[in-house]
Amino acid sequence: MSNKDFYETLGVARSASDDEIKKAYRKLAMKYHPDRNPDDKDAEEKFKEVQKAYDILSDKEKRSTYDQFGHAGVDPNMGGGGFGGFGGAQGFDFGDIFSQMFGGGAGGRQQSYQGADLQYAVEITLEEAAKGIKKRITIPTYEECDVCHGSGAKPGTSATTCSTCHGSGTIHVRQAIFQMQQTCPTCHGTGRQIKDPCMKCRGEGRVKTSKTVEVNIPAGIDDGQRIRLSGEGEPGMHGAPNGDLYVVVHVKEHKTFERNGLDLHCEMPISFAIAALGGEVEVPTLDGKVKLSIPKETQTGRRMRVKGKGIKSLRSSAVGDLYCHVVVETPVNLTDRQKELLEEFEKISTGMERSQTPRQKSFFDKVRDIFD
Ligand SMILES: [Zn+2]
Ligand SMILES: [Zn+2]
């Protein structure tokens, strides 16, 4: 961790009041909080710096020591050794800051132990979303340190009662006429101080690891929906509840179907002969092909409904439909014989009734209206 000036870190003057320091700290802590900056190492580092600076500057005694001796006065790593307990601050608990700000009161101590909620994104296909699927995902988590068995203290030593809060985990701060209760900045609410931290977990009592969880993604899930796995988030410490795991589902774009609510839509090209004479075509659905009969004189843009071939509802027994949007296709790469037949078709159609071409009729009617 850098040894940037604590006043500079919080962006306040050396003469700043307690209130100004608190305000600056809240603003920066919100800005750099890991919940708002997932996977941002810079923000995490800044967050720690801000937290550390506030730990010192919010404490009258530590602040005056810092003012006199600088970092050497308050940082045990600098050899000054002013405050033995500060070593415990290496294991920052990100959940802690919100409980300090909003939790308050005696509940703050419990909250600081609860495991953080985790969020994880999975990508599935439209077919998987329609039918439902089990996915195994591997997520980062913590497990109890096997060297100190969760105590955080070096084997052979043990944690002592925090000398700042005398083990209560909270301190009373007088602010103007109010007396406020706050999480103890020395022990971060644990009520304990670790003089000799465990080498493996650096006093945290837990180490990073990963675990595999099976997620049951239900049929009908849509893009962006979340599944909550209660208790599968980060483990709580010292018996406190685990956080929850939120799995956000992303449904990949499908090359044929577009989803809208429970309904599916697709484009259906048909030949102009079928369009004119009618006939049967095969259309794809999410579970195999089905036959669809095209009525004669079908135009581009007509919507054909295939009932019950959409998506099953997540919450009810409702099932959506599949809508096929007809596109009459102009044939390409014609053979000589095909050209011959079409030329003949065009020849015998010349001068035919406009009623045979309803679109052309309405088009030319409009043109006439414009120029007459
Ligand atoms: Zn350990
Ligand atoms: Zn304490």
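As the structure lists them, so they are numbered: ligands from 1, and atoms in each ligand from 1. Heads up: numbering here begins at 1 and tracks the sequence.
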Query - Gln225 (side chain) donor-acceptor with Asp222 (main chain) under 3.5 angstrom - result: yes
Report task. Anything protein N, O or S sitting under 2.8 Å from the Zn ion (ligand 1): count it and give me the total. Result -> 4
Query raised in the report: Is it true that the side chains of Gln193 and Thr186 contain a donor and an acceptor less than 3.5 Å apart?
Result: no
Requested in this report: For Ile270 and Glu329, run side-chain contact (heavy atoms from CB on, under 4.5 Å): C-alpha distance rounded to whole Å, both residues' side-chain angles, the deciding distance at 0.1 Å, then the answer.
Outcome: CA-CA 6 Å; Ile270 59 174; Glu329 190 164 38; over 6 Å; no
Query raised in the report: Do side-chain atoms of Asn242 reach the backbone of Gly115 as a donor and acceptor pair under 3.5 angstrom?
Result: no
Query - Test item: side-chain donor near acceptor, Asp67 and Tyr7, under 3.5 Å - result: yes
Requested in this report: Would you list the pairs meeting ring-ring contact (aromatic ring centres under 6.0 Å, His included) in which at least one residue belongs to residues 123-172, sequence neighbours left out?
Outcome: none
Report summary line: So the protein N/O/S atoms within less than 2.8 Å of the Zn ion (ligand 2) come down to Cys162 SG, Cys165 SG, Cys184 SG, Cys187 SG
Report task. Report yes or no: does Asp40 contribute a side-chain atom to a donor-acceptor pair with the main-chain N or O of Ala43 at less than 3.5 Å? Result -> yes
Requested in this report: Can you tell me which residue pairs pass the ring-ring contact (aromatic ring centres under 6.0 Å, His included) test with a partner in residues 264-289, sequence neighbours excluded?
Outcome: His265-Tyr323, His265-His325
Requested in this report: Report the C-alpha distance between Arg206 and Glu204 in whole Å, list the side-chain angles of each, state the deciding distance to 0.1 Å, and finish with yes or no for salt bridge (charged side-chain N to carboxylate O under 4.0 Å, His left out).
Outcome: CA-CA 5 Å; Arg206 55 184 196 168; Glu204 243 194 296; 3.2 Å; yes
